Amino acid sequence: MKILSFKLGGHVSFGPKVKKEEAVWDVLAIQNELQVLPSFSNSIVDGIALGFDFVEQIRKLVEAAEKSQRAESFKREFTVIEWLSPIPRTPKNIMCIGKNYNEHAKEMGAEAAPTDLMVFTKSPTAIAADGQTISIHADLSSKMDYEGELAVVIGKRGKNIPKNLAYDYVFGYTIANDITARDLQDKHKQYFLGKSLDGTCPLGPYLVTKDEIPNPQDLTVVTKVNDEVRQNGTTQDMMFSVENLVSILSQHVTLEPGDVILTGTPAGVGKGMNPPQFLKAGDTVKVSIQGIGTLVSHFE
């Protein structure tokens with residue numbers, strides 16, 4: 001199931017993409033008007049905490065709408081909605097994995113890839129939506145960079161999760177662009193400020209449930225800047241797999257429903273080019289991951 005969040009006429013909602021249509025089912029409207037279920041979460045993060053019961057609830061709502069005489073009234077065309085991040089706000093900082101692809105570690109100047117997990121975070125206020133126009137933050141940075149990444153969305157609270165059970169704690173996947181102010185990184189000698197400027201964590205367009213992506217280690221990750229391919233990688237090249245990331249992180253931090261883990265970026269970032277090529281006002285960045293879609297960000 002591909003789930004998206006949106007706003008229409010001041011109404012914030014979410015729902016699954018309508019099959020073979022450029023539209024979304026407004027499941028909150030279905031529940032409010034048809035009263036299909038005894039209760040239903042009006043927050044996607046609260047719903048995720050129910051695991052795949054949440055998916056089954058959504059299916060029941062869609063089935064009820066299709067059987068009603070008013071099915072079309074519960075569909076929202078993509079052309080009229082304002083897209084939101086599929087996770088509008090995470091319970092804690094977004095957890096990010098640094099240099100998880102060997103070739104990216106090399107282009108960033110590392111003599112060798114890290115042997116231990118390299119973790120930093122981004123503020124939840126950095127979250128942006130698919131199609132959103134994002135400030136280039138020229139008053140703070142002249143070296144804004146892109147990083148296309150697979151993002152993991154946690155579906156169940158867990159601590160000290162064994163590696164062989166890690167996927168039980170995953171709800172699904174989305175796409176992230178870990179936009180980074182490289183000069184702020186250098187200036188502050190750490191990652192948080194350079195990674196957390198407003199709008200620098202676009203997520204989307206969909207949250208795809210894990211049943212649709214049986215092997216997250218076999219996905220292509222392609223990033224284009226103004227239609228020029230800059231990154232063309234595969235998650236097969238991750239040094240720490242999704243199940244490893246979930247397990248290791250949970251040894252240190254209690255994972256919660258709605259938590260997001262960015263799994264690292266392949267080689268091809270702007271800083272790694274010769275000469276470096278950073279983002280500028282007017283640029284459009286597209287990050288595509290097979291099975292999920294394409295995340296688009298415009299810069300001004």
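One is the number of the first residue; the rest follow in order along the sequence. Owing to the predicted nature of the structure, the values given are computational and were not obtained by experimental measurement.
- A search for salt bridge (charged side-chain N to carboxylate O under 4.0 Å, His left out) contacts involving Lys210 returns nothing, not counting sequence neighbours.
- In this structure, Arg76 and His11 have side chains that are not in contact, with every pair of non-hydrogen atoms separated by 4.5 Å or more.
- For the residue pair Asn226 and Thr284, no side-chain donor N or O sits within less than 3.5 Å of a side-chain acceptor on the partner.
- Under the 3.5 Å distance criterion, the side-chain polar atoms of Lys92 are matched with a main-chain donor or acceptor of Thr254.
- Shown here for Trp25 and Ala65, the closest heavy-atom pair between the two residues is CZ3-CB, 3.7 Å.
- Residue Lys224 places its NZ atom among 12 or fewer non-hydrogen atoms of other residues, nucleotides or ligands, all under 6.0 Å distant.
- Between the Thr263 side chain and the Leu150 main chain, a donor and an acceptor come within less than 3.5 Å of each other.
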| task | Would you check, one step at a time, whether the test salt bridge (Lys or Arg N to Asp or Glu O under 4.0 Å) holds for Glu77 with Lys17? | result | CA-CA 10 Å; Glu77 299 294 327; Lys17 181 183 181 299; over 6 Å; no
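- Asp53 CG to Lys60 NZ: the interatomic distance, rounded to the nearest 0.5 Å, is 8.5 Å.
- Leu28 is connected to Leu50 through a chain of hydrophobic side-chain contacts under 4.5 Å among Ile, Leu, Val, Met, Phe, Trp and Tyr, so both are in one cluster.
- Just one of Ile261, Leu262, Val260 meets the side chain to side chain contact (heavy atoms under 4.5 Å, CB included) condition when paired with Val152; it is Ile261.
- The backbone N or O of Gly148 sits less than 3.5 Å from a side-chain atom of Gln231, completing a donor-acceptor pair.
- Tracing side-chain contacts under 4.5 Å through hydrophobic residues (I, L, V, M, F, W, Y), one never reaches Val153 starting from Leu295; they form parts of separate clusters.
- The backbone N or O of Gly158 sits nowhere less than 3.5 Å from a side-chain atom of Ser250 that would complete a donor-acceptor pair.
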| field | Intermediate values then yes/no, side chain to side chain contact (heavy atoms under 4.5 Å, CB included), Lys280 and Phe299 | value | CA-CA 7 Å; Lys280 59 186 184 300; Phe299 292 86; over 6 Å; no
| field | Test side chain to side chain contact (heavy atoms under 4.5 Å, CB included) applied to Phe278 and Met144, step by step | value | CA-CA 6 Å; Phe278 297 109; Met144 295 291 283; 5.6 Å; no
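- Taking every heavy atom of both residues into account, Thr125 and Arg89 meet most closely at CG2-NH1, 3.7 Å.
- The shortest side-chain heavy-atom distance between Arg59 and Leu61 does not fall under the 4.5 Å cut-off.
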| Stepwise side chain to side chain donor-acceptor pair (under 3.5 Å) test for Thr265 and Glu149 | CA-CA 5 Å; Thr265 197; Glu149 309 195 15; 4.6 Å; no
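- Surrounding NZ of Lys7 are at most 12 heavy atoms belonging to other residues, nucleotides or ligands under 6.0 Å away.
- Using a 4.5 Å heavy-atom cutoff, the side chains of Val55 and Pro16 are not in contact.
- Around NZ of Lys67, the count of heavy atoms belonging to other residues, nucleotides or ligands within 6.0 Å does not exceed 12.
- Looking only at side-chain heavy atoms (C-beta outward), Val242 and Gln217 come within less than 4.5 Å of each other.
- Judged purely by distance below 3.5 Å, without hydrogens or angles, the side chains of Ser196 and Ser123 never pair a donor atom with an acceptor atom.
- Residues Asp178 and Lys195 are in side-chain contact: their nearest non-hydrogen atoms beyond the backbone lie under 4.5 Å apart.
- Under the 30°/60° scheme for interplanar angles, the aromatic rings of Tyr206 and Trp83 are found to stand perpendicular.
- Applying the under-4.5 Å side-chain rule to Ile, Leu, Val, Met, Phe, Trp and Tyr, the cluster around Met118 extends to Phe120, Tyr191.
- Between atom CG of residue Asp26 and atom OG of residue Ser73 there is a gap of 9.5 Å, rounded to the nearest 0.5 Å.
- Taking each heavy atom of Glu243 and Ala166 in turn, the nearest pair found is O-CB, 3.5 Å.
- The structure places OG1 of Thr223 at 6.5 Å from CG of Asn177, a figure rounded to the nearest 0.5 Å.
- For the side chain to side chain contact (heavy atoms under 4.5 Å, CB included) with Phe240, the qualifying choice from Leu249, Leu245, Asp116 is Leu245, the only one to do so.
- When all heavy atoms of Pro86 and Gly204 are compared, the closest pair comes out as CD-CA, 3.7 Å.
- Using cut-offs of 30° and 60° on the angle between ring planes, the pair Phe14 and Phe40 is tilted.
- With salt bridges taken as basic N to acidic carboxylate O contacts below 4.0 Å, one links Asp145 and Arg182.
- The main-chain N or O of His298 is never found under 3.5 Å from a side-chain atom of Gln132 such that the two would form a donor-acceptor pair.
- Under the 4.5 Å side-chain contact rule for hydrophobic residues, Tyr167 and Val246 share a cluster.
- For the residue pair Thr121 / Asn93, a side-chain donor-acceptor distance below 3.5 Å is found, with atom types taken as modelled.
- Side-chain contacts under 4.5 Å among hydrophobic residues (ILVMFWY), followed directly or transitively, place Leu193 together with Phe192.
- Inspection of the Thr180 and Gln185 side chains reveals no N or O donor paired with an N or O acceptor under 3.5 Å.
- Note: Ile97 CD1 to Asn100 CG = 6.5 Å, rounded to the nearest 0.5 Å.
- Screening Ile127, Thr200, Leu197, Thr90 for a side chain to side chain contact (heavy atoms under 4.5 Å, CB included) involving Lys122 leaves a single residue, Thr200.
- At least one donor-acceptor pair under 3.5 Å links the side chain of Asp259 to the backbone N or O of Glu256.
- Residue Leu279 holds its CG atom at 7.0 Å from CD1 of Ile179, rounded to the nearest 0.5 Å.
- The two residues Leu4 and Pro205 make their nearest non-hydrogen contact at CB-O, 3.9 Å.
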| task | Please test Asp227 against Lys286 for salt bridge (Lys or Arg N to Asp or Glu O under 4.0 Å), starting from the C-alpha separation and ending with a verdict. | result | CA-CA 8 Å; Asp227 294 324; Lys286 300 177 182 178; 3.5 Å; yes
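- For the 3.5 Å distance criterion, the side chains of Glu300 and Thr133 fail to qualify, holding no donor opposite an acceptor.
- Considering only heavy atoms from C-beta on, Leu34 comes within 4.5 Å of Phe74 through its side chain.
- Following chains of ILVMFWY side-chain contacts shorter than 4.5 Å, one can reach Val221 starting from Met238, so the two form part of one hydrophobic cluster.
- One N or O on the side chain of Gln31 and one on the backbone of Leu37 form a donor-acceptor pair closer than 3.5 Å.
- You'll find the side chain of Val269 stays beyond 4.5 Å of the side chain of Arg230, heavy atoms only.
- The side-chain heavy atoms of Tyr173 and Pro216, taken from C-beta on, include a pair separated by under 4.5 Å.
- In this structure, Val24 and Gly15 approach most closely via the heavy-atom pair CG2-O, 3.5 Å.
- No donor-acceptor pair closer than 3.5 Å links the side chain of Glu56 to the backbone N or O of Phe52.
- With rounding to the nearest 0.5 Å, the separation of OH in Tyr101 from OG1 in Thr234 is 7.0 Å.
- Put simply, Phe78 and Val296 are part of two different groups of oily side chains (I, L, V, M, F, W, Y) that touch within less than 4.5 Å, one to the next.
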